[in-house]
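Structure first, then comments.
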2 protein chains.
Amino acid sequence: MEYRDAKSKFIQTWGALGSQWGINKTMAQIHALLMVAPEAISMEEIMEELQISRGNASMNLRALMDWGIVYKELKPGERREFFTAEKDLDELAVKISRERSRREIKPALKVLKEVSSIEGGTSSEEKHFIDQTTKLYDFVLKADNVLEKITEYKDNWLTQLLMKFMK
Amino acid sequence: MEYRDAKSKFIQTWGALGSQWGINKTMAQIHALLMVAPEAISMEEIMEELQISRGNASMNLRALMDWGIVYKELKPGERREFFTAEKDLDELAVKISRERSRREIKPALKVLKEVSSIEGGTSSEEKHFIDQTTKLYDFVLKADNVLEKITEYKDNWLTQLLMKFMK
DNA sequence: AATATCTTTCATTTTTTTTTGAAAGTTTAG
DNA sequence: CTAAACTTTCAAAAAAAAATGAAAGATATT
């Protein structure tokens, strides 16, 4: 395979994968493009390479920066802004899991706590509801804690984790 | 909060969460409904409770069954079909991660291997591409292995995992 | 073998999400 | 201060995804 084709295939695949994980296609594609770019690139270049509009590029770059996985870089003497992606994969994974925990898991936990705390009704239907949502709360809380612990292992957490299971 | 409201809030929240994880809203809602139902329920009831059409219910139930997290149950003497969800959370999580690995991670790995194996070009751009996609391949492969190992711990894998980190 | 009960399929419609592009906003330079 | 060089915003358009519902398929019952 040619380099051009490989790059394009990588960007397309990453984009498609993004959709399956609740991230929009363009956002994932921009991220992919920046991941394999040896140095920071401008918005103009991103638009050109992915064939997208200025507004689209601007909004998705902003979203990536909100996730903390893409950085703005200013080159001296240059008016335009350049962008780079977090390239360290351990760091990338840590940032993504922290952010998802903050945005999705924590709010979900709040709701689970709420709904599992209703006054215990009499019907078996209500009893089962309380029981099941309580279990769900405990489970998600535990999972969230495990994730937090794992990502505390600053460097090479994944390798270390794998070791623990190889023994 | 009233039981009715709690149940509705739970279903809504689960549905919204589903969207963020690349699962469609109705599918997640049906799953939520079945999770808290003390016993198997019919398609008619699902349609009624969630206010959705027959076709929608049918397709999403089928999808849930393809994921292996909802089962069809036949009641003796009954013509209609009834449905239940996997209620054991450890089992549920194991099924979901195995399925996502099969459907998404494995195919992604294949592409990563492909694109990282192009003939090493001369330009630094190509070198960086090969280097980065190779790292990504290694990382994802390792993550997939960890996930596989973790889910092998049949029972209480989450608790056991947490222990390992508490020490 | 005709009817009744229930489920699936899929072309069409509806809803939701994403993208566009031009106007407004911002920052630097002269 | 004004112009030039960029970036952001957001209403409208386009595209994608999901839902509907009626017809076609099953399967059991008489």
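Heavy atoms only: backbone and side chains are in, while hydrogens, waters and symmetry mates are out. Protein chains get the first letters and strands the later ones, always in sequence-line order, with residue 1 at the start of each.
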- Going 5' to 3' on DNA chain C, which nucleotide is the first and which the last to come under 4.0 Å of a heavy atom in chain B? C:dA4 to C:dC10
So which pairs with a foot in [range] pass ring-ring contact (aromatic ring centres under 6.0 Å, His included), sequence neighbours left out?
{"range": "residues 56-79 of chain A", "result": "none"}
{"range": "residues 103-149 of chain A", "result": "A:Phe129-B:Tyr3"}
{"range": "residues 72-107 of chain B", "result": "none"}

Rounded to the nearest Å, what distance is computed from the [atom1] atom of residue [X] to the [atom2] atom of nucleotide [N]?
{"X": "B:Asn60", "N": "D:dA19", "atom1": "CG", "atom2": "C1'", "result": "9 Å"}
{"X": "B:Met47", "N": "D:dA22", "atom1": "CE", "atom2": "P", "result": "12 Å"}
{"X": "B:Gln51", "N": "D:dG21", "atom1": "CD", "atom2": "C1'", "result": "15 Å"}

Could I get the full list of side-chain contact (heavy atoms from CB on, under 4.5 Å) partners for [X], not counting sequence neighbours?
{"X": "B:Thr134", "result": "B:Ser116, B:Ile130, B:Asp138"}
{"X": "B:Glu39", "result": "B:Lys75"}
{"X": "B:Ser8", "result": "B:Gln12"}
{"X": "B:Thr26", "result": "B:Asn24, B:Ile30, B:Ile52, B:Asn56, B:Asn60"}

- Message: Is there a side-chain contact between B:Arg62 and B:Asp66 in this structure, where contact means two heavy atoms from C-beta onward sitting under 4.5 Å apart?
- Response: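 In contact.
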- Item | Of residues 32-39 of chain B, the positions that come close to DNA chain C - non-hydrogen atoms, cut-off under 4.0 Å | none
- nucleotides 1-16 of chain D: protein proximity per nucleotide (B base, S sugar-phosphate only, - neither; heavy atom, under 4.0 Å): ---BBSBBBB------
- By salt bridge (charged side-chain N to carboxylate O under 4.0 Å, His left out) - contacts of B:Lys127 (at least two apart): none
- Message: Checking A:Arg54 now: which residues fulfil side chain to side chain donor-acceptor pair (under 3.5 Å) with it, not counting sequence neighbours?
- Response: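 A:Arg54 satisfies side chain to side chain donor-acceptor pair (under 3.5 Å) with A:Glu44 once adjacent residues are dropped.
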